[in-house]
Asker: 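The structure follows.
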Amino acid sequence: LVGVPDNQRATVNVSGINGAGTASVSLGFLVGDVNSSRSVNSSDIGAIKARLNQTTNSGNFQFDINASGAINGQDLTAAKARAGQVIP
């Protein structure tokens with residue numbers, strides 16, 4: 001998905017399910033919420049700190065907030081800047 005606003009919900013329409021079915025799904029997007037708790041808090045910040053300097057892979061990609069390929073101080077700074085945000 002592109003152009004999805006941060007800290008909001010978006011409805012995605014999916015077609016072709018089992019050949020012909022359709023469905024609508026509401027998804028919440030929140031930069032910095034690495035543990036999917038629907039808020040950015042100290043747990044997210046701690047989780048990023050615990051993975052600092054790791055190369056991104058299939059098991060830790062969600063902690064690479066800026067999608068640089070590595071979990072680093074920029075990711076940590078981004079999460080700290082978003083602390084207190086919640087998905088409505």
Side-chain angles (χ1 to χ4, degrees):
L1 298 174
V2 295
V4 177
D6 180 34
N7 198 25
Q8 293 187 24
R9 291 193 166 279
T11 299
V12 178
N13 297 312
V14 182
S15 60
I17 299 172
N18 290 330
T22 60
S24 295
V25 179
S26 177
L27 303 170
F29 296 91
L30 183 59
V31 172
D33 180 21
V34 299
N35 64 3
S36 301
S37 65
R38 297 179 14 177
S39 68
V40 181
N41 55 39
S42 60
S43 294
D44 300 296
I45 293 165
I48 294 169
K49 281 183 181 179
R51 290 163 180 82
L52 281 176
N53 302 316
Q54 290 182 1
T55 301
T56 305
N57 60 43
S58 62
N60 67 7
F61 67 91
Q62 72 270 29
F63 303 96
D64 182 15
I65 295 173
N66 62 2
S68 67
I71 303 163
N72 55 35
Q74 293 175 339
D75 301 304
L76 185 59
T77 298
K80 286 180 177 180
R82 306 289 300 148
Q85 297 292 315
V86 297
I87 294 176

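Basis for what follows: all heavy atoms, side chains included, without hydrogens, waters or symmetry-related copies.
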Asker: Which residues pass the side-chain hydrogen bond (donor to acceptor under 3.5 Å, both in side chains) test with Gln54, not counting sequence neighbours?
Answerer: Asn60
Asker: Let me confirm one number: the CD1-CZ distance from Ile48 to Phe63, rounded to the nearest 0.5 Å.
Answerer: 7.5 Å
Asker: Does Arg9 have more than 12 heavy atoms from other residues, nucleotides or ligands lying within 6.0 Å of its CZ?
Answerer: yes
Asker: Just list the side-chain donor-acceptor pairs under 3.5 Å for residues 75-88, sequence neighbours left out, or say none.
Answerer:
residue: Asp75; atom: OD1; partner: Ile65; partner atom: N; Å: 2.9
residue: Asp75; atom: OD1; partner: Asn66; partner atom: N; Å: 3.0
residue: Asp75; atom: OD2; partner: Asn72; partner atom: N; Å: 2.9
residue: Thr77; atom: OG1; partner: Gly73; partner atom: O; Å: 2.9
residue: Arg82; atom: NE; partner: Asp6; partner atom: OD2; Å: 3.2
residue: Arg82; atom: NH2; partner: Asp6; partner atom: OD2; Å: 2.3
residue: Gln85; atom: OE1; partner: Asn7; partner atom: ND2; Å: 2.9

Asker: What heavy-atom pair brings Ala47 and Val34 nearest, and what distance separates the two atoms?
Answerer: CB-CG2, 4.1 Å
Asker: Which residue pairs satisfy the salt bridge (Lys or Arg N to Asp or Glu O under 4.0 Å) criterion with at least one member in residues 18-35, sequence neighbours excluded?
Answerer: none
Asker: Using distance only, find each side-chain donor-acceptor pair of residues 12-30 under 3.5 Å and give its atom names and separation, not counting sequence neighbours.
Answerer:
residue: Asn13; atom: OD1; partner: Ser24; partner atom: OG; Å: 2.6

Asker: Please report the shortest heavy-atom distance between Ser68 and Ala70, naming the atom on each side.
Answerer: OG-O, 3.1 Å
Asker: Considering only residues two or more places apart or on different chains, which pairs with a residue in residues 44-62 satisfy salt bridge (Lys or Arg N to Asp or Glu O under 4.0 Å)?
Answerer: none
Asker: Measure from the side-chain N and O atoms of Ser39 to the backbone N and O of Asn41, and report whether any donor-acceptor pair falls under 3.5 Å.
Answerer: no
Asker: On a heavy-atom basis, which atom in Ser43 and which in Asn35 lie closest, and how many Å separate them?
Answerer: CB-ND2, 3.5 Å
